[in-house]
Amino acid sequence: MISKEELFELADLCKLSFDDQQGDDFLKEFNSILELVERIKEVDTEGVEPTYQLNQYTNPVIEDEVAESLPVEEVVKNTAEEKYGFFKILKVVD
Amino acid sequence: MSYKTIVGLEIHVELMTKTKIFCNCANEFGGEANSHCCPVCLGLPGAIPRLNKRVLEYAIKAGIAFNSDISKFIKMDRKNYFYADLVKGYQTSQDDTPICSGGYIELELDEGVKKIGLNRIHIEEDTGKSVHTEDETLLDYNRAGVPLIEIVTKPEINSGEEARVFLERLKATLEYIEVSDCKMEEGSLRCDVNVNVVDRETGQKTNITEIKNLNSFRSVARAIDYEVDRHIDLLKKGQNTEKETRRWDEVNGETVVMREKGDASDYRYALEGDIPPFTLDDAFIEEIRKSMPELPHEKKARFMDQYDLNDYDAGVLTATRDLANFYEETVKYIDDAKLVSNWIMGDVLRGLKDEDLEIDSLKFDAKALADLLTLVKEDKINNNTAKKVLREMFETGKDPNSIVKERGLIQISDEGALEGIVEEVLAENEQSIIDYKNGKDRALGFLVGQVMKKTRGKANPQLVNKLILEKINNM
Amino acid sequence: MDILELKAREIRHKIINKEISARDVVDAYIEHIEYVDNDINAYITVDKEGARAQADKIDEKLANGEPLGRLVGIPIAIKDNIVTKDMKTTCGSKMLENYMSPFDATVVEIIKKEDGIIIGKTNMDEFAMGSSTEKSYFGPTKNPLDLNRVPGGSSGGSAAAVASKQAAIALGSDSGGSVRQPASFCGLVGLKASYGRISRYGLIALANTLDTIGILAKDTEDAAFMLSVLAGYDEKDPTTVDMPLELDNLDMDLKDVKVGIPKELFELEMEDIVRENIEKIIQLIKDKGGRVEELSLPNLKYAYESYLILLSAEASGNLARYDGLRYGHRAKEYKSLDELYIKSRTEAFGDEVKRRIMLGTHVLREGNREEYYLQALKVRSLIIKDFEEAFKKVDLLISPTSPSLPFNLASKVKNPKEMYEADLFTVPVNLAGLTAISVPLYNDITLPIGLQIIGDKFREEDVLKFGLAIERLVK
């Protein structure tokens, strides 16, 4: 199973955080789930192809034709901050 | 001590499709922020991507042009990482099933022809763009979803200059097959470099440096040269480079370590479940193969053969598809390949360079040029006159016959008309005759010049020459 | 007549025959919602004005003799992970508490086009992760049959709405049993159509290769009726296929069917009362001449592990877009991009969501990917094969829908592992993309037990016919 340190590493990868106590609680439950999925290793899948889709699809493509885009107001209507039609955040990006 | 430079390039090329890779939003440069967006390219909850057929076509065209194997099995994967310009928290790309594998590009270097191997070409979507002000970052997702091909070379490039030549050849080919306009300044072609050096004697290798933020082919060459020096310096001191990413600083001409982006390397690739993998049928790929235009090297070889041009001339004339087409059009109208090639490579290209124009912005067409050259060939005007007429064609787009007629530029080729003037000049310049008879050949040129002056440049110089000599010899 | 007792298909009939008006119907439902939903909490959003306006429009169309759609006047509840332009779509989460989608899901468009009336958006486990609708940011939904018990999940709100007569029919989503299990807990018919049968465009993704939109109805014929309207290829969802669907005549004789009992499912733990009642119905089927045989689908033993790995892996990608930048909850203060993301997500996601995102990320990491993710994809292939073999021998498979009766609120919330076990019977169907229905067995018990009937891909008519036969059998 995984250690608390690995848990915090994993959390960082998916942009989540826990404080120390939360980490402890979460770790216990998480490890019990991991125990569950371990069992998948028991299956002999030698020579078995993975399933990437459930149905046969022949050429699920679309034509290169321009269609109307969303009006800018619709695009930004759900954001916390916008400016001149841009999404706005504090300057924290390099 | 000698060192070998090892360079691999990772090139992202924006495809010239009308729409984005997974939706029908316009694929256009510029435009008001977020005005070319829809639920799909914004990654809104509930939206589902749909693959644009033309993206496959263009990627396959590129693969064919670069001699790659084309995969019939199309699968897309998610490359997971977080960044402000990435709307879904993953980029839809291809992991283990690139649409093209292998391939090569041939470079014509001074030392001869060199093949640079390609690892793969795969399709993926572009990200949005951020604009920074004093204290804000503004995000525009117009570019999110623009289709890209990523071309990865094998580490077979061995100098900055080679890299530059490689990129020129790549660009020319992609323009030829009309898959991208490859404008590095507009961002439709981006290049990252991986470079290290090997000490030929000891076999010691430095750690690979990745270089980003390169804005032109020249920067690529400069950055490589700089890095190579930096690597060699460290080796000489008994040190090694860090395996890191550095940013090229164009102003100071150096590379600088970039801040870490964190979870850079493990992208946790997973299937893109909304795009069902499928197999292309052979007919689709065959269609594309058949529709491939002649590639630059093919055209050049044909020009050398068909028009009896030498390697250099054929190379210049096939540098771009537009120029090559212009040449061939002209030759169709006036069957003198050498004459046309001289004039295009000379005055036409010079004229374009002076005005900083591309061939497709010429005000006159191939037929007009052919008409001009016909006048020259038929001795109706001399070369100098022709150059003047050409300049006017550049400016006004007027056809040469009209220009010549209006300005009365037809060359005087009538012996009778010239005789009188020749006799006049000879009478006025007895000393020159004596000089010439005493072996000063230049005197002849002077006499011809005088006739040209009197006829305001309209006399047929060869005829004048002939007449003067005749008369002198009869004296 | 009690409007609330009418089946969905009957409402249409009565409106067209002018026995009732659309407004009568909507008023009756809204009045009832006001009366009961404070106790049940089936709805997150109820659109009273919108529904009334829609009803008025329909009545006007009727008065003008205009043609009316197939769903005319039917009050429909929509699970809050299906996007609607006119009402917010929250996914039961703080992350999307105020999210207004700029587009309608395809199923919503169809409902509007067919004159259906969308009464409101129903409660659900956050981002469809859960089996009891206790994990909603908007509080738990109670089971209308016993307010101390859960209605099942994650489509618990939709099930409770229909079961408590707050909607005539409802849509939910089913990625591992989330329509069938709530149907079982609330005494309804829950239909999960085959993957690719109903468009997912506008269904906020949990797991792209497992998600389907499902129907919660009062009886089998209502479910069939709704399916016939919603099914079909949608160009906005390239995972849909056009397959024939014959639902006009659902009558069948139990003698004509061969039913299989998957040994591995029956070996799982289940409450005694569930086992007893399932065995009773199997006996009844035999008594009516149906042929029942036991089959082995050996890889079903690992269906849950495969499901959990694949669902989490896909979900971790699908939920990466929720970072507070373009929509959704955004943290008030942050000093870096990372902090913006981490705080927004940590503040707005519940524990179960975090757990699955972490699990998904974990199984995709380099080093784990082969052993878990790829392995799960391969086990999926084996399970699909098991079903293929089974359907060569039998027409349908049956099992309990859930191993237990609806359990008490807060009884399993602390133990995720136990909670997962609620889905053991249902997940294999999603792994193979098959169709399945849960039909309630009531006879002499106070709480319902669902019988799950599984059909081969695109054989919805088989499961609906059998479901109707069972319905008639147990009446």
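Letters A, B, ... mirror the listed sequences (proteins, then strands); counts begin at 1.
Between A:Gln56 and C:Val241, the closest heavy-atom pair is O-CG1, 4.5 Å. The shortest non-hydrogen separation linking C:Thr240 to A:Tyr57 is O-CE2, 4.0 Å. In plain terms, the two heavy atoms of C:Tyr302 and A:Arg39 that are nearest each other are CE2-O, 3.5 Å. The two residues A:Ser17 and C:Ile342 make their nearest non-hydrogen contact at CB-CG2, 3.5 Å. Contact detail for C:Pro102 and A:Glu74: the closest heavy-atom pair is CB-OE1, 3.3 Å.
Interface residue C:Thr361: backbone and side-chain heavy atoms are both found under 4.5 Å from chain A. Contacts between C:Tyr334 and chain A at a heavy-atom distance below 4.5 Å involve backbone atoms as well as side-chain atoms. Contact annotation for C:Lys343: neither backbone nor side-chain heavy atoms come within less than 4.5 Å of a heavy atom of chain A. With a threshold of 4.5 angstrom between heavy atoms, C:Ser194 does not approach chain A through any atom at all. When heavy atoms are compared at a cutoff of 4.5 Å, C:Asn430 approaches chain A solely by way of its backbone atoms N, CA, C and O. Of the atoms belonging to C:Ile384, it is side-chain heavy atoms, and not backbone ones, that fall under 4.5 Å from chain A.
C:Ser381 places a side-chain N or O within donor-acceptor distance of the main-chain N or O of A:Glu49, the cut-off being under 3.5 Å. The backbone N or O of A:Phe18 lies less than 3.5 Å from no partner atom in the side chain of C:Lys354, so there is not a single donor-acceptor pair. In this structure, the side chain of C:Tyr304 does not engage the main chain of A:Leu36 through any donor-acceptor pair within 3.5 Å. Although no hydrogens or angles enter the test, the distance criterion places no donor-acceptor pair under 3.5 Å between the side chain of A:Thr45 and the main chain of C:Gln375.
Considering only heavy atoms from C-beta on, C:Lys301 stays 4.5 Å or farther from A:Glu42 through its side chain. Residues C:Leu340 and A:Leu90 fail the side-chain proximity criterion, which asks for heavy atoms closer than 4.5 Å. The shortest distance between side-chain heavy atoms of C:Leu308 and A:Ile40 does not fall below 4.5 Å.
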Would C:Arg326 and A:Asn78 satisfy side chain to side chain contact (heavy atoms under 4.5 Å, CB included), going step by step from the backbone distance to the final call? CA-CA 7 Å; C:Arg326 293 161 297 284; A:Asn78 285 293; over 6 Å; no
Intermediate values then yes/no, side chain to side chain contact (heavy atoms under 4.5 Å, CB included), A:Leu13 and C:Arg365: CA-CA 10 Å; A:Leu13 275 181; C:Arg365 292 186 77 175; 3.5 Å; yes
Under the side chain to side chain contact (heavy atoms under 4.5 Å, CB included) criterion, do A:Asn55 and C:Lys457 qualify, and how do the steps go? CA-CA 9 Å; A:Asn55 298 315; C:Lys457 258 199 300 199; 3.1 Å; yes
Output, in order, the C-alpha distance, side-chain angles, deciding distance and verdict of side chain to side chain contact (heavy atoms under 4.5 Å, CB included) for C:Thr239 and A:Gln53. CA-CA 9 Å; C:Thr239 61; A:Gln53 256 298 343; 3.9 Å; yes
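For the set C:Leu382, C:Leu374, C:Asn299, the count of heavy-atom pairs under 4.5 angstrom toward chain A peaks at C:Leu382. Note on C:Tyr341, C:Phe458, C:Tyr372, C:Tyr99: by heavy-atom pairs under 4.5 Å with chain A, the leading option is C:Tyr372.
Using modelled atom types and a 3.5 Å distance limit, the side chains of C:Tyr327 and A:Lys77 yield no donor-acceptor pair.
Taking NE2 from C:His362 and CG from A:Leu34, the interatomic distance works out to 4.5 Å, rounded to the nearest 0.5 Å.
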